[in-house]
Amino acid sequence: MDFNMKKLASDAGHFFNRAMQFTEEKLGQAEKTELDAHLENLLARGDCTKNWTEKILRQTEVLLQPNPIDHTGARIEGFIYDKLDKKIPSRTTNPEILGQYMVDAAQEFGADSPYGNTLITVGEYQKRLGSAEREFLQTSSATFLTPLRNFLEGDWRTISKERRLLENRRLDLDICKARVKKAKQAEAKAAAEHELRVAQTEFDRQAEVTRLLLEGISSTHLNHLRCLKDFAEAQATYYAQCHHYMHELQRELNKCANSVGAPNSPAVCPNPVSSAFLLESGPSASAAPGSSSTSLAQRPSSVQLPVTGTRKAKVLYDYDAHDTSELSLLADEIITVYTVPGMDPDWLVGERGNDKGKVPVTYLELLS
């Protein structure tokens, strides 16, 4: 291999001189040109943005993909597909795999048996949970993780490159200043002053370029703010879907227990999730997009309405009736609700015009 020995020696000498210059600056033996306060503040703000963006990105990836091995594999897979300019195929989630195992097991045990039938029911809902999780992961990656990565791998790399160039311009400027001070003869001093003016111009130009790039960090913050809201909305939608599916699953399991003559047997099938339990578990357990902890607190299962009294209620999200005794609901509509003696506290009677039927309390916000 043909090496350019002169260039290699020149680069080595340049590196050595830079190291000497940095050392002398640290020891106070060489002059150092200070940047203006505004640029220094921008540099500090840029470093802060870069550091916290890296931490948030890394921890969000851990949240969405807890297994470090799977996380590493996903990143490698994403890198390969990105280089091939192809879309990453949807990955099967763990709940979907579990659901399929349950369905396959039911075929072995007998789908008509109580155990096999219950396995199929739980397995299908596990698949629904897995599908919701996959949609959440895809949405979060596209709306939150990708913009953060684009900043670190795009804008920040450009800023870092210009900052390094600015630092080199500053070092060149300081060398020229030192040469002017050391020059004794008029001719040598004039040449040194000319080099100083050129170095000062290049330094000022590079400082302006760096300043403009760093001021763009404000736009980056606004973009990340929008991405953060999208991530929170996707997360709220995902948890609402999970709560919806699990509530339906509990109802299906309760029907299963009743069908085999053991409605009170928790070993066969647990009772439906009560709204009191959901409230004790925290607001996030039954939160839906657009709902708040205040609205959740207004609908505990212990609320009992008089038989003849009625109240208005706002529907928080859609609900499909499972039989003719129930009333289907649409999100954001207002219905009339009331209770009757002996009725399950998790349910109310809802009316919409001439339609009437049972409705789950957890899907409602009772209005005063």
Side-chain angles (χ1 to χ4, degrees), residues 57-82 84 86-146 149 230-257 260 266-273 277-278 281-282 284-289 317-318 320 322:
L57 173 63
R58 187 162 51 247
Q59 193 58 35
T60 304
E61 290 176 334
V62 172
L63 172 67
L64 299 178
Q65 190 71 56
N67 191 324
I69 297 177
D70 291 344
H71 170 67
T72 303
R75 289 302 302 272
I76 295 175
E77 181 184 39
F79 176 79
I80 294 175
Y81 275 92
D82 182 62
L84 295 176
K86 292 185 178 181
K87 184 178 180 180
I88 301 177
S90 298
R91 305 182 66 186
T92 305
T93 60
N94 291 325
E96 288 178 309
I97 296 175
L98 174 61
Q100 189 59 49
Y101 283 171
M102 289 181 175
V103 173
D104 293 343
Q107 304 303 323
E108 293 286 340
F109 299 140
D112 295 333
S113 66
Y115 181 42
N117 186 50
T118 304
L119 273 173
I120 292 177
T121 301
V122 177
E124 291 300 329
Y125 276 94
Q126 290 297 324
K127 289 183 179 181
R128 295 186 187 182
L129 290 171
S131 178
E133 179 183 339
R134 185 174 67 253
E135 183 178 352
F136 168 57
L137 293 176
Q138 291 173 346
T139 302
S140 299
S141 177
T143 62
F144 189 58
L145 296 182
T146 298
R149 290 197 194 101
D230 291 339
F231 173 65
E233 183 176 350
Q235 203 170 24
T237 301
Y238 168 61
Y239 288 132
Q241 288 177 322
C242 290
H243 166 245
H244 174 71
Y245 290 145
M246 292 309 299
H247 187 70
E248 287 191 340
L249 174 58
Q250 294 284 16
R251 294 181 66 256
E252 292 295 329
L253 292 178
N254 191 52
K255 290 180 181 179
C256 171
V260 297
V268 176
C269 185
N271 292 323
V273 177
F277 174 78
L278 291 172
S281 300
S284 63
S286 58
Y317 36 91
D318 296 345
D320 295 328
H322 291 79

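This is a predicted model, so every value here is computed, not measured. We use all heavy atoms of the structure for the numbers below, so side chains are in, but hydrogens, waters and symmetry mates are not.
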- Query: Taking the side chain as C-beta and beyond, is there a heavy-atom pair between Q100 and I97 under 4.5 Å?
  - Reply: no
- Message: So, taking the atom named CD1 in I120 and the one named CG in D104, what distance separates them when rounded to the nearest 0.5 Å?
- Response: 10.0 Å
- Message: Any non-hydrogen side-chain atom of L145 less than 4.5 Å from a side-chain atom of F231?
- Response: no
- Note on the structure: Closest heavy-atom pair, A132 versus Y245, reported as atoms and distance to 0.1 Å, is CB-CE1, 4.3 Å
- Message: Nearest 0.5 angstrom please: S140 OG to E61 CD, how far?
- Response: 12.0 Å
- Query: CD of E252 to OG1 of T121: how many Å apart, nearest 0.5 Å?
  - Reply: 6.5 Å
- Check the angle between the aromatic planes of Y317 and H244 and answer parallel, tilted or perpendicular using the 30° and 60° thresholds. perpendicular
- Message: If you define the side chain from C-beta out and look only at heavy atoms, does anything of L129 sit under 4.5 Å from Q241?
- Response: no
- Taking the side chain as C-beta and beyond, is there a heavy-atom pair between Q235 and F144 under 4.5 Å? no
- Minimal heavy-atom distance between A234 and T139, with the atoms involved, is CB-CG2, 3.8 Å
- Message: Do N94 and E133 have side chains that approach each other closer than 4.5 Å (heavy atoms only, starting at C-beta)?
- Response: no
- Item | Sidechain-backbone polar pair: S131 side chain, K127 backbone, donor-acceptor under 3.5 Å | no
- Query: For E233, does its backbone N or O pair with a side-chain atom of T237 as donor and acceptor, under 3.5 Å?
  - Reply: yes
- Message: Show the nearest heavy-atom pair for residues V122 and M102, with the distance to one decimal.
- Response: CG1-SD, 3.6 Å
